[in-house]
Amino acid sequence: MKPGSTLDHQKHDAPMNIRLDPTATPFNLEHTLKCGQAFRWAKHGDWWYGVVSGKIIKLRQTPNKLQFETFPKKASINFVSRYFRLDDDLSHIYSKIDKDRHIHNAIRNLRGLRILRQEPWECLISYICATYKNIPAIRQMIFHLSKRFGKQMTLDNHDFYTFPTPKDLATASLQELKSCKLGFRAANISRTSQIIDHKKFDLEALENASYERAKRHLLSLPGVGQKVADCVLLFSTGKLEAFPVDVWMKRTMLKSYPDYFGKTFAEKASGITSISPSEYREINSFGRKYFGEYAGYAQEYLFACSRRRWQTAKHR
DNA sequence: ACATCCCCTTAGCC
DNA sequence: AGGCTAAGGGGAT
């Protein structure tokens with residue numbers, strides 16, 4: 001086929017398909033994008049829209065395929081497949097983490113939810129923003145940052161913005177950052193961006209480092225503590241054993257697994273609004289030991305399930 | 001309407 | 001070591 005021919009052009013504009021066999025490749029786009037791991041996806045009509053690697057991705061799922069288009073540049077099936085971790089053997093992962101009725105129930109409700117492979121840089125900044133914020137507010141901050149510092153693109157009458165580069169945020173003034181409603185996080189975003197921009201920290205190297213080494217390294221960045229480090233490791237560098245613990249997870253874990261924690265520790269499961277460093281260590285190491293090498297998947301299913309219960313309870 | 005609490009926490013202080 | 005506290009501002013009640 002000659003480049004530039006009519007057929008070639010049509011092929012370029014046609015949506016691409018990834019075949020999904022529900023038994024061999026369980027996948028649920030809705031669960032994956034709504035569970036709270038990524039903050040920049042929105043549904044317009046039947047389609048989900050997001051920006052990854054400077055491209056708008058538009059996609060929807062039918063019973064046995066994932067249909068997508070990307071703009072302005074065409075992306076490969078491999079690119080989408082990698083982002084959604086379609087190579088993860090979910091059935092195998094389920095068999096490894098399905099240890100009791102709590103996680104069993106979460107898997108039953110959220111079958112097909114996949115951990116994403118987000119870009120480390122965007123994921124890092126997103127979770128520094130996430131410190132002590134609720135999910136709608138996090139989405140707001142990231143939207144403001146992208147609108148202020150990213151490049152605008154338009155598709156189907158919706159505006160999108162690329163995520164700012166390390167240089168964009170490293171050279172922004174504190175005032176400009178604060179105008180994105182970052183609050184006290186602005187200083188951490190600024191310092192961390194400068195470290196990344198000046199090549200004092202190699203985010204790409206995390207992928208090939210062990211969980212422990214990668215985590216220790218991440219903890220050296222301003223605004224990155226235990227929780228943020230575990231989220232970056234799980235959601236962007238493929239460390240599936242990472243087990244982030246936030247207030248939701250603390251409540252969920254103490255409620256579902258009280259026998260594994262000290263009595264006084266477990267008694268005050270409700271009304272929890274904070275986590276001490278020792279509590280983080282205790283819940284995190286329990287989760288990692290109990291669920292094993294795919295503890296991160298267990299975490300995300302329990303997290304999403306408990307949030308979903310709360311969401312539905314709220315509306316009655 | 002309006003106050004108050006909460007939020008996928010971190011870092012600095014003691 | 002580990003407990004206490006402050007830190008935007010929007011969402012939820």
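Here is the naming used below: chain letters follow the sequence lines, and residue numbers restart at 1 for every chain.
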Checklist entry - What does A:Glu300 touch in the nucleic acid at a heavy-atom separation under 4.0 angstrom: a base, only the sugar-phosphate, or nothing? => result base

Checklist entry - Starting at CG of A:Asp230 and ending at P of B:dT9, how long is that distance when rounded to a whole Å? => result 13 Å

Next on the checklist: Assess whether a salt bridge exists between A:Glu204 and A:Lys199, defined as any Lys/Arg side-chain N lying under 4.0 Å from an Asp/Glu carboxylate O.
Outcome noted: no

Next on the checklist: Under 4.0 Å, counting only non-hydrogen atoms across every strand here, what does A:Ile128 touch: a base, just sugar-phosphate, or nothing?
Outcome noted: nothing

Checklist entry - Linking I/L/V/M/F/W/Y whenever any side-chain heavy atoms sit under 4.5 Å apart, do A:Tyr294 and A:Phe291 land together? => result yes

Next on the checklist: Need one value for A:Gly36: base, sugar-phosphate or nothing, where a base atom within 4.0 Å counts as base even if backbone is also close, heavy atoms only.
Outcome noted: base

Checklist entry - With sugar-phosphate meaning primed atoms plus P, OP1 and OP2, does A:Val245 contact a base, only sugar-phosphate, or nothing at under 4.0 Å between heavy atoms? => result nothing

Next on the checklist: Classify A:Pro277 by what it touches in the nucleic acid, base, sugar-phosphate, or nothing, heavy-atom distance under 4.0 Å.
Outcome noted: nothing

Checklist entry - For the pair made of CG in A:Asn188 and C1' in B:dT9, what is the distance, rounded to whole Å? => result 11 Å

Checklist outcome for this item: Between A:Lys227 and A:Val224, the residue closer to the 5' end of DNA chain B by nearest nucleotide is A:Lys227

Next on the checklist: With the 90 degree cut-off around zero defining syn, does C:dG8 come out syn or anti?
Outcome noted: syn

Item to check | cation_pi(A:Arg60, A:Trp48) dist<6.0 Å, angle<=45 | outcome: no

Next on the checklist: Over 60° means perpendicular and under 30° means parallel, so tell me whether A:Trp41 and A:Tyr83 are parallel, tilted or perpendicular.
Outcome noted: tilted

Item to check | B:dT10 OP1/OP2 closer than 4.0 Å to side-chain N/O of A:Arg185 | outcome: no

Next on the checklist: Checking base pairs now: Watson-Crick or wobble, both atom distances under 3.5 Å. What partners B:dG12?
Outcome noted: C:dC4

Checklist entry - When only distance counts, do a donor and an acceptor, one from the side chain of A:Lys133 and one from the base of C:dG9, lie under 3.5 Å apart? => result yes

Checklist entry - Is A:Tyr132 stacked on the base of C:dA7, with ring centres under 5.5 Å apart and planes under 30° apart? => result yes

Item to check | A:Ser274, nearest nucleotide to its side chain (from C:dG10, B:dT9, C:dG8) | outcome: B:dT9

Item to check | Separation of atom CD1 in A:Ile189 from atom C1' in C:dA7, rounded to whole Å | outcome: 14 Å

Checklist entry - Are side-chain N/O atoms of A:Asp100 and A:Tyr290 paired as donor and acceptor at under 3.5 Å? => result yes

Checklist entry - A:Gln226 near the nucleic acid: base, sugar-phosphate alone, or nothing, with a heavy-atom cut-off under 4.0 Å? => result sugar-phosphate

Next on the checklist: Can you tell me which nucleotide in B:dC8, C:dG3, B:dT9 comes closest to the side chain of A:Ser276?
Outcome noted: C:dG3

Item to check | Proximal nucleotide (of C:dG8, C:dG2, B:dC7) relative to the A:Arg281 side chain | outcome: C:dG2

Checklist outcome for this item: A:Phe184 has its side chain closest, among C:dG9, C:dG11, C:dA7, to C:dA7

Next on the checklist: If only side-chain N and O atoms count, and only distance matters, is there a donor-acceptor pair under 3.5 Å linking A:Ser256 with A:Arg101?
Outcome noted: no

Checklist entry - When rounded to the nearest Å, what value does the distance between P atoms of C:dA12 and B:dT9 take? => result 16 Å

Next on the checklist: Is the terminal nitrogen or CZ of A:Lys289 (NZ for Lys, CZ for Arg) located under 6.0 angstrom from the six-membered ring centre of A:Tyr260 and within 45° of that ring's axis?
Outcome noted: no

Checklist outcome for this item: A:Glu176 atom CD is separated from C:dG8 atom P, nearest whole Å, by 18 Å

Next on the checklist: From the set B:dC7, B:dT10, C:dG10, return the single nucleotide nearest to any side-chain atom of A:Arg251.
Outcome noted: B:dC7

Checklist entry - Which residue, A:Ala130 or A:Gly223, contacts DNA chain B at a nucleotide closer to its 5' end, judged by nearest heavy atom? => result A:Ala130

Checklist entry - Within this structure, what is the CD1-to-C1' distance between A:Ile138 and C:dG9, rounded to whole angstrom? => result 13 Å

Checklist entry - Separation of A:Ile275 atom CD1 from B:dC8 atom C1', in whole Å? => result 8 Å

Item to check | Rounded distance in Å between the C1' positions of B:dC8 and C:dC4 | outcome: 22 Å

Checklist entry - Could you state the CG-P distance from A:Leu124 to B:dC8, rounded to the nearest angstrom? => result 19 Å

Checklist entry - A:Met141 has an atom CE; how far is it from atom P of B:dT9, in whole Å? => result 10 Å

Checklist entry - For B:dC6, which nucleotide in any strand shown is its Watson-Crick or wobble partner with both distances under 3.5 Å? => result C:dG10

